[in-house]
Amino acid sequence: MKKFLAFFMPIFGAIYLSAYIRSAMLDVVYTDYIRIINTYLKDPFSPKPYFGKDILTRLPITYFERMINIAFFKYSTMFDMALGVIFLSLMGIIIGIFMASKNLNLRYFIIVMMLVFSLSQWEMITNGTGWVHFFTFFLFVLHFYILDSYIQRETKVKFWLNIILPVFTILFAAGSYSLAYGVTLIITYVLYAILKKKKNAFTLAIPVILSLTAFMYSYANSYTEHAGATTESLTAVFGRNPVYFVLFGLNTFASDIISIGIVERYEIGIIITSTIGAAVVFFYLYALYLNFKYKIYESTAFPMLMLVSGLFSHAMVILTRWIFLNPLYAMSSRYALQFGAGLIGVILTFGYVKIHINREKQSMSPWAKVAVSLFVLFVFLGNISTAGNEIRMAKYRLESFEVKMEVAKNFENESDETLKKVLQYHNPKKTREALGIIKSKKLNIFAK
């Protein structure tokens with residue numbers, strides 16, 4: 001039954017997200033697509049833009065996907081969104097296979113699948129450029145699953161997959177996600193070498209370190225726009241308002257439970273969101289503690305790999321996004337995917353601990369059981385409320401895209417302010433250039 005659910009639930013999740021996309025979106029370029037069109041579509045089949053030192057920040061895998069999209073789908077944003085849903089579903093299948101193999105309780109099956117296909121990710125789901133992020137997290141989860149299997153039983157095939165997968169992922173797809181992923185792997189290899197006295201673990205770490213070094217070199221030679229960010233230094237902001245960093249950090253964790261849409265709709269205060277964030281931090285740390293207390297890592301490292309990578313993702317967002325000086329900034333839907341991986345790790349830990357202590361005839365305090373149950377219920381209710389709110393918002397998003405479609409088709413006659421506001425790109429001149437390019441090439445909204 002659970003093996004069936006491992007495949008059925010992700011397929012159902014894909015249908016669910018596809019229905020949401022069809023109800024909320026139209027096939028029109030906007031926001032990130034403007035930058036991509038100006039950078040790559042003047043000569044879409046030329047690899048020349050990837051010959052610079054910043055190549056790894058350009059996510060080379062997108063070059064091949066873009067060629068397919070242009071050649072066969074006239075640069076359709078819907079094609080990109082469909083790819084995102086497919087890779088999210090594949091990620092769900094891997095997690096489902098893990099849960100089925102460990103015979104996790106049905107309620108954990110359901111809550112984890114709800115997190116995988118959560119509409120808290122709506123911004124990434126509905127912005128077609130996000131397909132590569134879903135592809136990246138599919139690769140992360142695939143590698144974590146293979147690494148977990150390798151730790152339990154070493155084979156040559158698994159060894160080489162543990163060499164090839166992270167190198168490919170970091171060099172071709174992961175971009176800035178590489179840091180959280182790479183550090184998680186390096187820590188895992190070090191612990192594996194120490195706890196199980198496996199010297200070959202250091203061999204596995206070398207390709208990761210080299211790939212991360214290459215990415216950092218590429219990143220150092222790249223240029224990133226941060227419209228609306230402060231130019232003040234961290235020390236200056238901290239000296240003026242040290243509490244800001246605490247609130248910012250806690251709210252990144254609060255977003256695991258409650259979406260910014262819910263916060264804005266019900267005007268939930270920052271004290272409440274920060275309290276929720278503090279509770280989530282506690283359960284992250286408690287789940288990590290349980291992994292070591294019951295030595296869960298000896299029978300499976302998969303939940304802890306997900307959990308730790310999620311913690312590092314939170315840390316990376318805190319360190320790189322404080323510059324927007326908004327304590328709620330990191331609650332944005334665009335970060336839900338990377339944060340969700342960590343929360344899935346927490347829930348998987350709780351689900352597996354229950355099985356482990358029953359099998360090993362160990363005990364867990366009644367208070368701990370109640371706290372975990374309440375947290376799982378809290379996650380469930382947060383996910384349901386977010387889904388309800390986003391489904392409610394679908395018709396308004398569709399209306400917004402109808403306006404985008406009209407403005408994009410009539411871009412030559414629209415004002416700079418209208419282009420900036422409707423197509424959500426900060427430079428109207430660049431917006432006109434991008435739309436001019438796809439019009440001349442008869443792509444997207446100008447395709448016949």
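Both tests pass for Lys404 against the ring of Phe401: distance under 6.0 Å to the centre and angle within 45° of the axis. The side-chain tip of Arg66 points at the ring of Tyr40 from less than 6.0 angstrom away and within 45° of straight on. At least one cation-pi condition fails for Arg334 and Trp122: the charged atom is not both under 6.0 angstrom from the six-membered ring centre and inside a 45 degree cone around its axis.
Crowding of Phe446 atom CZ: a count of heavy atoms from other residues, nucleotides or ligands under 6.0 Å exceeding 12. Annotation for Arg22: atom CZ does not count as buried by contact number, only 12 or fewer foreign heavy atoms lying within 6.0 Å. Annotation: Phe159, atom CZ; neighbour count of heavy atoms from other residues, nucleotides and ligands within 6.0 Å is above 12. Annotation: Glu232, atom CD; neighbour count of heavy atoms from other residues, nucleotides and ligands within 6.0 Å is above 12. The 12-atom threshold is not exceeded at NZ of Lys430, counting heavy atoms of other residues, nucleotides or ligands nearer than 6.0 Å. Shown here is Tyr266, whose OH atom has no more than 12 heavy atoms of other residues, nucleotides or ligands within 6.0 Å.
Shown here are the ring-ring contact (aromatic ring centres under 6.0 Å, His included) partners of Phe312, two or more places apart in sequence or in another chain: there are none.
No donor-acceptor contact under 3.5 angstrom links the side chains of Asp80 and Thr129, judged on distance only. Under 3.5 Å, the side chains of Tyr425 and Asp32 contain no donor-acceptor pair of N or O atoms. Side-chain atoms of Asp54 and Ser218 form no donor-acceptor pair, as typed in the model, at a separation below 3.5 Å. With 3.5 Å as the limit, one finds a donor-acceptor pair spanning the side chains of Lys158 and Ser149. Under the 3.5 Å distance criterion, with hydrogens and angles disregarded, a donor-acceptor pair is assigned to the side chains of Ser332 and Glu123.
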* **Candidate pair Tyr219 and Leu179, rule side-chain contact (heavy atoms from CB on, under 4.5 Å), full reasoning** => CA-CA 11 Å; Tyr219 183 80; Leu179 298 176; over 6 Å; no
* To do: Might you work through the side-chain hydrogen bond (donor to acceptor under 3.5 Å, both in side chains) test for Asp256 and Tyr284, ending with a clear yes or no?
  => CA-CA 11 Å; Asp256 287 13; Tyr284 260 89; 3.0 Å; yes
* **From CA spacing to verdict: side-chain contact (heavy atoms from CB on, under 4.5 Å), Tyr30, Thr77** => CA-CA 10 Å; Tyr30 74 112; Thr77 62; over 6 Å; no
* To do: Evaluate the criterion side-chain contact (heavy atoms from CB on, under 4.5 Å) for residue pair Leu328 and Ile260; output intermediate values, then yes/no.
  => CA-CA 8 Å; Leu328 299 179; Ile260 189 64; 4.2 Å; yes
* Can you check side-chain contact (heavy atoms from CB on, under 4.5 Å) on Val141 and Phe98, steps first, answer last? -> CA-CA 11 Å; Val141 171; Phe98 169 80; over 6 Å; no
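Ring orientation note: the planes of Phe253 and His314 are close to parallel, at an angle under 30° on the 30°/60° scale. Classification of the Phe283-Phe375 ring pair by plane angle, with boundaries at 30° and 60°, yields parallel.
Within the 3.5 Å criterion, the main-chain N or O of Thr252 finds a donor-acceptor partner in the side chain of Ser255. The backbone N or O of Thr203 lies less than 3.5 Å from no partner atom in the side chain of Tyr189, so there is not a single donor-acceptor pair. Here the side chain of Ser400 pairs no donor or acceptor atom with the backbone of Tyr396 at under 3.5 angstrom.
Salt bridge present: Arg432 and Asp416 bring a charged side-chain N and a carboxylate O closer than 4.0 Å.
In this structure, CG on Leu142 lies 5.0 Å from CG on Leu165, to the nearest 0.5 angstrom.
Phe137 pairs with exactly one of Tyr177, Trp131, Phe87 by the ring pair (Phe, Tyr, Trp, His ring centres under 6.0 Å) rule, that one being Tyr177. Each of Phe168, Phe172, Phe134, Tyr181 was scored for a side-chain contact (heavy atoms from CB on, under 4.5 Å) with Leu139, with one residue passing: Phe168. Of the candidates Val308, Val208, Leu305, Thr188 forms a side-chain contact (heavy atoms from CB on, under 4.5 Å) with just one, namely Leu305.
Tyr50 and Tyr63 have their aromatic ring centers within a separation under 6.0 angstrom. Aromatic ring centroids of Phe144 and Phe302 lie 6.0 Å or more apart.
Shortest non-hydrogen contact noted between Thr349 and Ala287 is CG2-O, 3.5 Å.
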